Amino acid sequence: MSAQRLHSKFDGGNDLILEVDNQGNLPAEFNADNHKVNTSQRKRSRKRSRGKSQDQQQNPIEVDKKKLEPSEIIQTETKEISKQNGHLKLQNDNNNNNNNKITYNNISKNLRDSRGNSNKLKKPKNFKPKTVDFFSDDEDSNLKDTKGNYIDLKSKAENLLKIRKSLPVYKAKDEIVSRLLKNRVTILIGETGSGKSTQIPQFLLPSNNKCIAVTQPRRVAAINLATRVAEEAGSYLGDKVGYSVRFDNKSTHNTKLKYLTDGMLLREIIIQTNLPQYSTIIIDEAHERTVLTDLLMGFLKELLERRSDLNLIIMSATLDAEKFSKFYNNAEILFVEGKNFKVDRYYLNSSADDIVDTCLKSIIQINNGEQEGDILVFLPGQEEIDKSVGLLERIAPDLPKEAPLIVPLPLYASLSPADQAKVFLPLKARRRKVILATNIAETSVTVPGVRYVIDSGLRKVKVWRHQLGLSTLLTAPISKAAAMQRSGRAGREREGKVFRLYTEDDYLKLPNQTEPEISRSNVISPVLMLKKLGIDDILNWSWLEHPGEDSLISSLTQLYQLKALNDSGTITKLGDDMAILPLEPQLSAILIKAHEFGCLEHVIDIVSCLSVDNLILNPQSDIRDEVNEKRRNLCILGSKHGDLIMLKELFDYYLQFNQISDSKSERAQWCKELALSNRGFKNVFKVRNQIRQYMVTLTKDKHLFEKIEQSDDNDDDDDKINYSKPMDIPSILKSFLSGFISNTAIGMPDRSYRTTTTGQLISVHPSSLIFGEKKDAIMYTDYVYTTKGYARNVSVIELSWLQEMGSHILAPGKVNAVAE
DNA sequence: GAGCACTGC
């Protein structure tokens, strides 16, 4: 039998449900039974069958629906689906043979507390909930806005007050406020649903004479919170309550409560170090420990010493309060209960050796045995999700009709917005959504209707190796806190269940908290910012989490090589300018050099493309060659000079569509054919406009560009191609060398490449336009290690440019020595 | 001869 068994590695495990062919597909005949197979599937199926014996060509499985009796499938255990006489059969397995099934231990009886069984924080003494009438406190002119619709806003706010009063945090309003006012720094632990992010800032409004800032790690969160709180407070959005995120500012000097991203507050620190406009700063979601939140906490610790009138509140959802408290000289910790429903937890009896297989079984088991309610599945990445979705789509029509029909939906960031939105659409009766998501569903996207969570216990994590100057993407176990967060997604609307695809022992071995991002990231940007703010002793700065000496020294070295720091480690004029630009230091350095070389307008376009994620998409493998060929044919210059120039050509083509009216659908079609993101290009325009404005400021040259487009959100961009000069490709690429001088490699006689810095072997990634061509030297923007070291986004350079641009780094003669 | 989680200015 040539067909292999369904197993994510397709290596023939023992615990199998369905058989698949060598490609990992279920046989076409499986779907043909439901008239759902399409011609291409049939063709592929025939193609694969060639060369096999008559016996082998027989359908390895046929679904015999008569065998799928309800009595067999409603049990909670997944049935072993075995092959007998070429038929698929679900076996009812009520005995204790655990070899081929998943068994969960319900430990919820012992661990019903949704806060977890360890590290449980005690509530402070004297913590007695109280109810306070909101308007008795706040009934003053604060509620009036400039536009005069006082009554409408007020009645809306009054209606919302009923809901607000049901929030746990509201019941303790007086107690909380008095403590927050008494302390300079307070750590406030509030579970999801406590209402801390919306209510606490409002409680503090009457007692603050200046503005209150509330930071969020994500833009959508800042916007949504501000919108909600503006309604509750009876304010127009952007008046008393507003927000500020990149490309979107709805706040004025009158704003008393401002929600902003933590990146935005860091920008404000660069402009005005002491943040004089704020009297209270609230850092929300501190437990996420993003690089920017961590940096903020360090800055604010120092700022508190200079600003005696400043109050700071650190809000966190999990119980890592001790760390924050110690950092701020044993600041008081307050605890506010959440409003989550109970979530029963189930674990595997033995570890899963194949996560996709175990996951599919669990989905089928829940679908067969549990009441209505959608299923949210956490998987590490796109690969596992796409595989699972594909298999579920094929299996779903043939599952027992007594259970709801499974509707699998993928959810990850690189999906188009339209595809992402599908998870929110309601389904017909007798259907069950199965959302297969990455970490995006842990915090960024909340899907309603979820009652069951399946947690693979895995995530993808990007790790920066400063010794090698490259980053790798690894699949790694999550932390207990993350497991808790994931399971909480099942209890947002009513009681739910979480099925953890690992054992309880495995769970207990997990780290309590997720490792802070800063300890595994390239800290070149943070270090430049510290230097910009005049902090000389980087190693002994008030790091909430010290990134490590090696990592800091590596960053200082990179900045020195970019000429942002001089020999004594002091920031240069160039470094000063680089810190102001909203870009990675390398890209900032490139822009400044491009201005010097007179090719700024073109380089800005390329840099804008580089700073937008998911602009150039990875085509599906079956059309990959076709798409590459199209790109190559379209981008004549890119084929010769490499991928940076390709970006510029693509951008210019995209720009042309904007000059033709009614070309939107054409443009979308063009993007589709070349596997480019239409939405991504719109973001490129926003970034491009912003960078142009920054460059005008930095160069103090108002006429730097003939026309700077005002950023607006409508789709009718009327950008024109009106560059002052034609492209000078050597100048453009030399500008890029000023930022990526360390990312260069020399072509060897045997067609391989070796890096100029360490002499390591490096391969051009096959997605590059210059893949397979022999060149003297290359420059790349990314270096990723997967199956081997790959240079991605590769450009062709000349050896002489290396000497010209890199003489301060590359030792004289070194380049030639490597080349020989 | 190929896989990339999530954010931010």
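Chain A is the first sequence line, chain B the second, and so forth, proteins listed ahead of strands; every chain is numbered from 1. Note that the structure is predicted; figures quoted are calculated from it, not measured.
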- prompt: Would you say the side chains of A:Asn614 and A:Ser677 form a donor-acceptor pair under 3.5 Å?
  reply: no
Could you state the [atom1]-[atom2] distance from [X] to [N], rounded to the nearest angstrom?
X	N	atom1	atom2	value
A:Leu591	B:dC9	CG	C1'	14 Å
A:Asn683	B:dG8	CG	P	11 Å
A:Asp782	B:dA2	CG	P	18 Å
A:Leu292	B:dC9	CG	P	9 Å
A:Glu383	B:dA2	CD	P	14 Å
A:Leu295	B:dT7	CG	C1'	14 Å
A:Leu474	B:dC6	CG	P	16 Å
A:Arg520	B:dT7	CZ	C1'	11 Å

With the side chain of [X] defined as its heavy atoms from C-beta on, choose the nearest nucleotide among [options].
X	options	answer
A:Arg246	B:dG1, B:dC6, B:dC9	B:dC9
A:Ile440	B:dG1, B:dG8, B:dC6	B:dC6
A:Lys462	B:dT7, B:dA2, B:dA5	B:dA5
A:Ala413	B:dA2, B:dC9, B:dT7	B:dT7
A:Thr438	B:dG1, B:dC9, B:dA5	B:dA5
A:Lys460	B:dG1, B:dG8, B:dC4	B:dC4

- prompt: Of A:Asn439 and A:Pro582, whose closest DNA chain B nucleotide lies nearer the 5' terminus?
  reply: A:Asn439
Need one value for [X]: base, sugar-phosphate or nothing, where a base atom within 4.0 Å counts as base even if backbone is also close, heavy atoms only.
X	answer
A:Asn628	base
A:Asp613	base
A:Arg459	nothing
A:Ser444	sugar-phosphate
A:Leu583	base
A:Leu473	base
A:Val245	sugar-phosphate
A:Arg289	nothing

When you check the phosphate oxygens OP1 and OP2 of [N], does a side-chain N or O of [X] lie under 4.0 Å from one of them?
X	N	value
A:Thr261	B:dC9	yes
A:Tyr790	B:dA2	yes
A:Gln382	B:dA5	yes

- prompt: For the residue pair A:Phe736 and A:Phe740, does the interplanar ring angle fall in the parallel (under 30°), tilted (30 to 60°) or perpendicular (over 60°) class?
  reply: parallel
message: Checking the side chain of A:Asn249 only, and the main-chain atoms of A:Ser244 only, is there a donor and an acceptor separated by less than 3.5 Å?
response: no
task: Run through A:Glu383, A:Gln382, A:Glu384 and flag the one making a side chain to side chain contact (heavy atoms under 4.5 Å, CB included) with A:Asp386.
output: A:Gln382
A:Ser555: side chain to side chain donor-acceptor pair (under 3.5 Å) partners, not counting sequence neighbours: none
message: Which residues pass the ring pair (Phe, Tyr, Trp, His ring centres under 6.0 Å) test with A:Phe771, not counting sequence neighbours?
response: none
